[in-house]
Asks: 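One structure, pasted below without further comment.
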Amino acid sequence: MSPTPTEVPVAADRTIRDFGDQWSRYSDNDGYYASVELLQDLFGPLLPIEEVAGARTADIGAGTGRNTLMLLNAGAAHVLAVEPSVGVEALRKNLAERSDRVEILHARGDELPAGTDLDLVISIGVIQFIEEPDAVLKACLEALKPGGKLLIWVYSREGNETYIFFASLLRAITKRLPHFALAGLCSLLNLGLDLYIRLCRVLPLPMRSYVLEVATNFSRDKRKLVIYDQLNPSYVKWYTEAEVKDLARRGGFANVRVHHRHGYSWTLLAEKPSSG
């Protein structure tokens with residue numbers, strides 16, 4: 001049975017604290033890392049970026065506001081930015097100049113208010129860190145208007161088997177490291193990523209599409225943050241195609257479609273059934 005908003009697993013509390021610390025230390029959003037171009041790449045063929053224009057939206061797990069800024073710059077009429085951690089302070093600071101089109105809610109995703117008649121809810125890079133996400137999906141359903149859309153992005157198990165093996169070994173250690181040690185390790189791994197990028201330009205290595213089409217557009221600081229983001233949280237799940245589809249259907253969504261983005265992650269688009 002999924003937890004009610006007052007019955008949050010201990011692991012969820014740890015993950016919220018992990019990200020709160022992370023967003024308090026790494027709070028800026030710049031360049032391609034927070035661009036509309038990246039948002040369209042995340043959407044893939046499932047949702048044209050033009051559909052964001054004029055939409056009432058929500059961003060579940062808003063962090064420092066990166067995805068919220070993407071939505072605003074794509075023309076969203078309003079964004080409800082939902083963030084449960086102390087990183088909400090960085091979120092407020094980063095969105096202060098956009099307050100006419102943003103509402104910030106310091107809450108978990110399963111506390112998204114019902115009956116908000118939203119056109120679109122997104123949750124990018126968040127669901128894979130929630131051990132029991134069903135309550136979040138149900139809250140999204142109840143916040144959307146009939147025919148409204150949910151878009152989530154999660155790590156994929158398919159295509160990442162070798163990476164998952166090594167990442168799991170690393171995470172057994174890194175999720176227990178203090179910040180200074182983890183940050184230092186991520187700096188070293190970032191040097192390794194520089195070499196991997198060079199090799200991908202001449203060899204058909206795993207994740208080549210993502211590395212050349214996305215990662216190379218990030219600044220070196222943001223590439224380090226991407227590494228930190230994967231090694232820091234207490235919990236993470238790599239989803240199979242069947243699992244991510246089943247998650248949406250259990251939440252009551254229809255017209256479920258997925259896109260295997262760059263062969264290493266899943267983007268899912270689903271709709272709230274129209275009344276009647």
Side-chain angles (χ1 to χ4, degrees), residues 15 18-44 49 59-74 81 83 85-95 97-98 122-129 152-156 160 163 167 170-171 174-175 177 179-201 205-233 236 261-265 267:
T15 299
D18 291 339
F19 276 107
D21 180 68
Q22 179 174 322
W23 300 139
S24 297
R25 297 176 186 277
Y26 303 105
S27 61
D28 64 301
N29 301 297
D30 55 26
Y32 183 76
Y33 180 75
S35 67
V36 173
E37 290 79 11
L38 178 57
L39 186 64
Q40 180 62 89
D41 183 82
L42 286 158
F43 286 1
I49 200 71
D59 177 13
I60 305 299
T64 61
R66 175 172 73 127
N67 299 318
T68 300
L69 287 168
M70 291 176 177
L71 289 171
L72 292 170
N73 291 335
E83 173 55 40
S85 77
V86 295
V88 73
E89 297 306 320
L91 179 67
R92 290 180 176 130
K93 179 180 177 181
N94 289 341
L95 298 176
E97 296 182 0
R98 314 296 286 272
I122 71 167
S123 187
I124 293 175
V126 174
I127 296 298
Q128 69 251 22
F129 299 119
I152 64 174
W153 176 88
V154 295
Y155 297 157
S156 163
N160 281 329
Y163 173 80
L170 264 179
R171 280 182 41 77
T174 59
K175 65 185 182 182
L177 290 178
H179 164 71
F180 75 90
L182 179 56
L185 175 60
C186 289
S187 294
L188 290 175
L189 292 173
N190 205 14
L191 293 174
L193 179 56
D194 290 339
L195 175 60
Y196 196 79
I197 288 171
R198 293 188 181 94
L199 291 174
C200 281
R201 292 193 171 110
L205 297 175
M207 297 179 66
R208 184 173 189 263
S209 172
Y210 168 77
V211 168
L212 296 182
E213 297 177 29
V214 180
T216 54
N217 293 318
F218 293 158
S219 66
R220 293 202 78 258
D221 285 347
K222 290 300 179 282
R223 291 205 291 265
K224 176 182 173 181
L225 177 56
V226 169
I227 297 169
Y228 191 102
D229 191 66
Q230 296 182 46
L231 299 181
N232 180 43
V236 66
R261 177 178 175 254
H262 297 293
Y264 90 105
S265 61
T267 300

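Bear in mind that the values here come from a model prediction, so they are computed numbers and not experimental data. This chain uses plain numbering: 1 for the first residue, then up along the sequence.
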Asks: Mind checking the CG-CZ spacing from Leu199 to Arg201? Nearest 0.5 Å is all I need.
Replies: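 It comes to 10.5 Å.
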
Asks: Would you please classify the geometry between the Tyr210 ring and the Tyr264 ring as parallel, tilted or perpendicular, with 30° and 60° separating the classes?
Replies: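 The arrangement is tilted - the two ring planes meet at 30° to 60°.
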
Asks: Please round to the nearest 0.5 Å and tell me the distance separating atom CG of Leu205 and atom CD1 of Ile197.
Replies: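 If we round to the nearest 0.5 Å, Leu205:CG and Ile197:CD1 are 12.0 Å apart.
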
Asks: Evaluate side chain to side chain contact (heavy atoms under 4.5 Å, CB included) for Thr68 paired with Glu83, printing each intermediate quantity in order.
Replies: CA-CA 11 Å; Thr68 300; Glu83 173 55 40; over 6 Å; no

Asks: I'd like to check the side-chain hydrogen bond (donor to acceptor under 3.5 Å, both in side chains) partners of Gln230; sequence neighbours left out, ordered by chain and number.
Replies: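 Partners of Gln230 under the side-chain hydrogen bond (donor to acceptor under 3.5 Å, both in side chains) test: Tyr163.
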
Asks: Under the rule for side-chain hydrogen bond (donor to acceptor under 3.5 Å, both in side chains), what residues qualify as partners of Asp21, not counting sequence neighbours?
Replies: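 Asp21 satisfies side-chain hydrogen bond (donor to acceptor under 3.5 Å, both in side chains) with Arg25 only.
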
Asks: So which atom in Leu95 and which in Ala81 form the shortest heavy-atom distance, rounded to 0.1 Å?
Replies: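 Leu95 and Ala81 have their closest heavy atoms at CD1-CB, 4.4 Å.
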
Asks: Quick check: does any side chain N or O of Asn217 sit under 3.5 Å from a backbone N or O of Glu213, one acting as donor and the other as acceptor?
Replies: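 A pair under 3.5 Å: yes.
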
Asks: Looking at every heavy atom in both Thr174 and Leu231, which two are closest together, and how far apart are they?
Replies: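 For Thr174 versus Leu231, the nearest heavy atoms are OG1-O, 2.9 Å.
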
Asks: Between Asp59 and Met70, is the side chain to side chain contact (heavy atoms under 4.5 Å, CB included) condition met? List the steps.
Replies: CA-CA 10 Å; Asp59 177 13; Met70 291 176 177; over 6 Å; no

Asks: Are any of the side-chain heavy atoms of Leu39 and Ile124 separated by less than 4.5 Å?
Replies: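 In short, these two side chains touch, coming nearer than 4.5 Å.
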
Asks: Do Asn73 side-chain atoms and Val36 backbone N/O form a donor-acceptor pair below 3.5 Å?
Replies: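 A pair under 3.5 Å: no.
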
Asks: Who passes ring pair (Phe, Tyr, Trp, His ring centres under 6.0 Å) against Tyr33, sequence neighbours left out?
Replies: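 Tyr33 satisfies ring pair (Phe, Tyr, Trp, His ring centres under 6.0 Å) with Phe218 once adjacent residues are dropped.
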
Asks: Provide the closest heavy-atom pair for Thr15 versus Phe129 in the form atom of the first, atom of the second, distance.
Replies: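 So the minimum-distance heavy-atom pair works out to CG2-O, 3.6 Å.
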
Asks: Using 4.0 Å as the upper bound for N to carboxylate O, is an ion pair formed by Asp28 and Lys222?
Replies: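 Result for this pair is yes, salt bridge flagged.
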
Asks: Please tabulate, for side-chain N and O atoms in residues 184-194, each donor-acceptor pair with protein atoms closer than 3.5 Å (sequence neighbours left out).
Replies:
from: Ser187; atom 1: OG; to: Ala183; atom 2: O; distance (Å): 3.2
from: Ser187; atom 1: OG; to: Lys224; atom 2: NZ; distance (Å): 3.0
from: Asn190; atom 1: ND2; to: Arg220; atom 2: O; distance (Å): 3.0
from: Asp194; atom 1: OD1; to: Arg223; atom 2: NH2; distance (Å): 3.4
from: Asp194; atom 1: OD2; to: Arg220; atom 2: NE; distance (Å): 3.3
from: Asp194; atom 1: OD2; to: Arg220; atom 2: NH2; distance (Å): 2.6

Asks: A side-chain contact here means heavy atoms from C-beta on lying under 4.5 Å apart; do Arg98 and Leu69 qualify?
Replies: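 SC-SC contact between Arg98 and Leu69 confirmed.
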
Asks: Taking all non-hydrogen atoms of both residues into account, name the closest pair between Ser123 and Ile60 and its distance.
Replies: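 Taking every non-hydrogen atom into account, OG-O, 3.3 Å.
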
Asks: Give, for atom CG of Leu42 and atom CG of Asn67, the distance between the pair rounded to the nearest 0.5 Å.
Replies: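 Between Leu42 CG and Asn67 CG, I get 7.0 Å after rounding to 0.5 Å.
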
Asks: Any donor-acceptor pair under 3.5 Å linking the side chain of Gln128 with the backbone of Val236?
Replies: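 Checked: no pair found.
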
Asks: Within the side chain of Arg171, is there an N or O that forms a donor-acceptor pair under 3.5 Å with the backbone of Pro233?
Replies: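 Yes, Arg171 side chain to Pro233 backbone: donor-acceptor pair under 3.5 Å.
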
Asks: Would a 4.5 Å heavy-atom cut-off, applied to side chains only, mark Phe19 and Asn232 as touching?
Replies: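 With C-beta onward as the side chain, the pair stays apart.
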
Asks: Flag the pair Gln22 / Leu225 as yes when at least one side-chain heavy-atom distance between them is below 4.5 Å, and no otherwise.
Replies: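 The answer is yes; the side chains approach within 4.5 Å.
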
Asks: For Arg208 and Cys200, indicate whether the former's side chain and the latter's backbone hold a donor-acceptor pair under 3.5 Å.
Replies: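 Yes, the answer is positive, given that a donor and an acceptor are paired below the 3.5 Å cut-off.
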
Asks: Could you walk me through whether Asn94 and Ser27 pass the side chain to side chain donor-acceptor pair (under 3.5 Å) test, one step at a time?
Replies: CA-CA 8 Å; Asn94 289 341; Ser27 61; 5.4 Å; no

Asks: Of all residues at least two apart in sequence or in a different chain, which pass the side-chain hydrogen bond (donor to acceptor under 3.5 Å, both in side chains) check with Trp153?
Replies: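 With neighbours one apart ignored, the set is Ser265.
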
Asks: For Phe43 and Thr267, which heavy atoms make the closest approach, and how far apart are they?
Replies: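 Of all heavy-atom pairs spanning Phe43 and Thr267, the closest is O-CG2, 4.0 Å.
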
Asks: Go through the structure and list residues passing side-chain hydrogen bond (donor to acceptor under 3.5 Å, both in side chains) with Asn160, not counting sequence neighbours.
Replies: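 Partners of Asn160 under the side-chain hydrogen bond (donor to acceptor under 3.5 Å, both in side chains) test: none.
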
Asks: Side chain to side chain contact (heavy atoms under 4.5 Å, CB included), that's the test. Do Val88 and Trp23 meet it? Break it down for me.
Replies: CA-CA 8 Å; Val88 73; Trp23 300 139; over 6 Å; no

Asks: Do Tyr26 and Thr64 have side-chain heavy atoms sitting under 4.5 Å apart?
Replies: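 The answer is no, as the side chains (C-beta and beyond) never meet within the 4.5 Å cut-off.
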
Asks: Is there side-chain contact between Arg261 and Ser209, with heavy atoms separated by less than 4.5 Å?
Replies: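 Side chain of Arg261 against side chain of Ser209, heavy atoms only: no contact under 4.5 Å found.
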
